[in-house]
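Before any comments, here is the structure.
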Amino acid sequence: MSSRTVIRGGLVITASDEIHADVLIEDGRVAALAASGTPAAEAWTAERTIDATGKYVIPGGVDAHTHMELPFGGTFASDTFETGTRAAAWGGTTTIVDFAVQSVGHSLREGLDAWHAKAEGNCAIDYGFHMIVSDVHQETLKEMDLLVEEGVTSFKQFMAYPGVFYSDDGQILRAMQRSADNGGLIMMHAENGIAIDVLVEQALARGETDPRYHGEVRKALLEAEATHRAIKLAQVAGAPLYVVHVSAMEAVAELARARDEGLNVFGETCPQYLFLSTDNLAEPDFEGSKYVCSTPLRPKEHQAKLWQGLRTNDLQVVSTDHCPFCFVGQKELGRGDFSKIPNGLPGVENRMDLLHQAVVDGHISRRRWIEIACAAPARMFGMYPKKGTIAPGADADIVIYDPHAEQVMSVDTHHMNVDYSAYEGKHVTGRVETVLSRGELVITEREYTGHAGHGTYTPRSTCQYLN
Ligand SMILES: NC(=O)NCCC(=O)O
Ligand SMILES: [Zn+2]
Ligand SMILES: [Zn+2]
């Protein structure tokens, strides 16, 4: 028995088009689009009709950087796959790509299996995995080939966090050479962690223990240097490179230079770098700890260069790096020593709204909003056009978005499992009203109607964004 839904009267926005169209959904997929009011659209019959008059009809968001339940600094990110994917749906995101972790001394397979076990049966929306590679040796390199074949086509390496996730330049080069052969995409956490650890030690010895020193020791120049080094290593390996959570304007300049040379080098930034700054890190009474993440928040003047990079396509993707830790009991682990504050911010629920606010503020166009939040991440990580657009054959992952609704972001109203909002009190225009995931209603006129276990694992093809 086929099931049909029709969404009528909205403005359908994709990365390439804006059209007043009705959307026909059949068996979880987009079956057809037709201009609203035309005989073709009027002829459609369906079991369910959703009125989207005066609303936007947009692809569900694709958040390609989340860390549900990530072990970090002696604790775990506070959102589970159940709570985190539910919150994502509330915010108009219908696909996440989370990071499975290889621990040192263990195989990629063990890490991936553990992350499958955490996610399976618990997700409200679809999910895929990247693999964090912390221990590069011959077996790991062979396993990378197998993972690419089974749909885990991207690998994160860290130039930061010595002794935990860190890879040295030789390990990075070997993994890049492997990905040049097997089609994988290396995602780089680009900060010079060895130099940063020296600065951390020196700051603490001077008695500089407050959260704001986290931002001071993790210098923009050390992000730029690592970005430059990663680009050169990728060039030597003949591999593409995706730099995650870019926050420094000097790093954007490195990416822009590489792209001008025609290299397959890509960059992601996150809402926290676009909307927050070192002013937040400097908030008194340890409140600054709520804003500790790496790369760190930068002085406000970096924001204009990030917006510019998003407009010029020197940055292609905005993901959240959602990695929430509660203030009470988790961020507090770093009272008296900023280096012990677990790194990460909540945001999986806020991204689509914040980027719509960027449209309202004139930073980006509506289509660029959909490009950087839906289409580009889907293409970058091998899920397009199943995810990231509204077109015949695509999964019916669709958001009905009210562009005129006003909201105030707050811990009192959000759905993430964390005891603060990084955007507390921020007024934004626009709000998610209804969300469909593969044609099923997950949010219905601001009520949660989804369920854990609806979300399925999405194996991915290799990067679809290469020159
Ligand atoms: N970004 C951050 O502070 N925490 C999550 C781990 C990472 O992405 O480096
Ligand atoms: Zn990182
Ligand atoms: Zn991350």
Side-chain angles (χ1 to χ4, degrees), residues 63-79 84 88 96-103 111 115 127-134 154-167 172 185-193 196-197 200 211 214-215 217-218 222-223 226-227 230 241-248 251 266-274 276 278 280-281 288-298 317-327 330-331 333-334 338-348 351 377 380-381 416 418 422:
D63 189 343
H65 190 152
T66 68
H67 299 283
M68 307 304 172
E69 308 179 36
L70 178 77
F72 193 105
T75 186
F76 288 83
S78 58
D79 259 319
I96 61 163
V97 190
D98 202 87
F99 287 83
V101 180
Q102 177 201 28
S103 312
W115 255 256
Y127 60 97
F129 291 119
H130 314 284
M131 189 80 223
I132 289 179
V133 179
S134 321
S154 38
F155 303 89
K156 185 175 177 190
Q157 292 192 288
F158 288 77
M159 301 167 105
Y161 306 131
V164 190
F165 297 127
Y166 175 79
S167 291
I172 288 168
L185 179 61
I186 298 292
M187 308 170 74
M188 190 59 69
H189 180 131
E191 288 187 291
N192 186 327
I196 286 168
D197 273 10
V200 169
H214 172 84
V217 298
R218 303 188 87 90
L222 295 176
E223 183 187 339
T227 304
L241 173 71
Y242 176 95
V243 181
V244 295
H245 48 52
V246 174
S247 65
F266 310 107
E268 159 201 278
T269 191
C270 312
Q272 51 269 35
Y273 306 121
L274 296 163
L276 304 172
T278 43
N280 300 95
L281 267 177
S289 66
K290 295 176 175 175
Y291 305 95
V292 166
C293 57
S294 297
T295 61
L297 302 185
R298 302 291 180 197
V317 172
V318 176
S319 308
T320 58
D321 195 5
H322 176 76
C323 190
F325 296 100
C326 290
F327 181 70
Q330 293 194 295
K331 290 288 186 183
L333 294 168
F338 68 84
S339 72
K340 294 200 164 55
I341 301 169
N343 284 201
L345 257 64
V348 75
R351 182 183 68 130
M380 191 71 69
F381 297 106
M416 298 175 285
V418 61

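Side chains are part of it too, since the values below use all heavy atoms of this structure and drop only hydrogens, waters and symmetry mates. All ligand and atom numbering here is 1-based and tracks the order in the structure.
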Practice task
Starting from atom 4 (N) of ligand 1, locate the nearest protein heavy atom and write down its residue, its atom name and how far away it is, to 0.1 Å.
Solution key: Asn343 O, 3.0 Å
Handout entry: Side-chain heavy-atom pair Ser134, Val164 within 4.5 angstrom cut-off
Key = no
Handout entry: Nearest-contact summary for atom 7 (C) of ligand 1 - protein heavy atom, Å
Key = Lys156 NZ, 3.3 Å
Handout entry: Flag side-chain contact, heavy atom, 4.5 Å: Cys293 against Asp321
Key = no
Handout entry: Matching residue for Phe155 among Gln102, His130, Met187, Met131 - test: side-chain contact (heavy atoms from CB on, under 4.5 Å)
Key = Met131
Exercise for the section: Side-chain contact test, heavy atoms from C-beta onward, threshold under 4.5 Å: evaluate it for Asn192 versus Met159 and give yes or no. Expected result: no
Practice task
Answer yes or no for Lys331 and Phe325: cation-pi contact, defined as NZ/CZ to six-membered ring centre under 6.0 Å and angle to ring axis within 45°.
Solution key: no
Handout entry: the Zn ion (ligand 3) to nearest N/O/S of His65 below 2.8 Å
Key = yes
Problem - atom 6 (C) of ligand 1: nearest protein contact (heavy atom, Å) - result: His67 NE2, 3.7 Å
Practice task
Please indicate whether any nitrogen or oxygen in Ser294 is less than 3.5 Å from any nitrogen or oxygen in ligand 1.
Solution key: yes
Exercise for the section: Would you mind running through ligand 1 and noting each atom that sits below 4.0 Å from a heavy atom of Phe158? Expected result: 9 (O)
Exercise for the section: Examine Ala160 and say whether one of its N/O/S atoms is closer to the Zn ion (ligand 2) than 2.8 Å. Expected result: no
Problem - the Zn ion (ligand 3) to Asp321: nearest N/O/S atom name - result: OD1
Practice task
Give a yes/no verdict on whether any heavy atom in Phe72 is under 4.0 Å from an atom of ligand 1.
Solution key: no
Fill in the blank from the handout: CZ (Phe381) and OH (Tyr242) are apart, to the nearest 0.5 Å, by 4.0 Å
Fill in the blank from the handout: The single option from Arg298, Arg218, His189 that satisfies side chain to side chain donor-acceptor pair (under 3.5 Å) with Glu223 is Arg298
Completion exercise
Per residue His189, nearest N, O or S atom to the Zn ion (ligand 2) is named ND1
Fill in the blank from the handout: The closest protein heavy-atom partner of atom 1 (N) of ligand 1 is Asp321 OD2, 2.6 Å
Fill in the blank from the handout: protein heavy-atom neighbour closest to atom 9 (O) of ligand 1 works out as His189 ND1, 3.1 Å
Practice task
Report the C-alpha distance between Ile96 and Met68 in whole Å, list the side-chain angles of each, state the deciding distance to 0.1 Å, and finish with yes or no for side-chain contact (heavy atoms from CB on, under 4.5 Å).
Solution key: CA-CA 10 Å; Ile96 61 163; Met68 307 304 172; 4.1 Å; yes
Exercise for the section: Measure from the Zn ion (ligand 3) to each N, O or S atom of His67 and report whether any distance is below 2.8 Å. Expected result: yes
Practice task
Record the part of Cys323 in heavy-atom contact with ligand 1 below 4.0 Å; permitted values are side chain, backbone, both and neither.
Solution key: side chain
Exercise for the section: Could you list the atoms of ligand 1 found under 4.0 angstrom from a heavy atom of Cys293? Expected result: 3 (O)
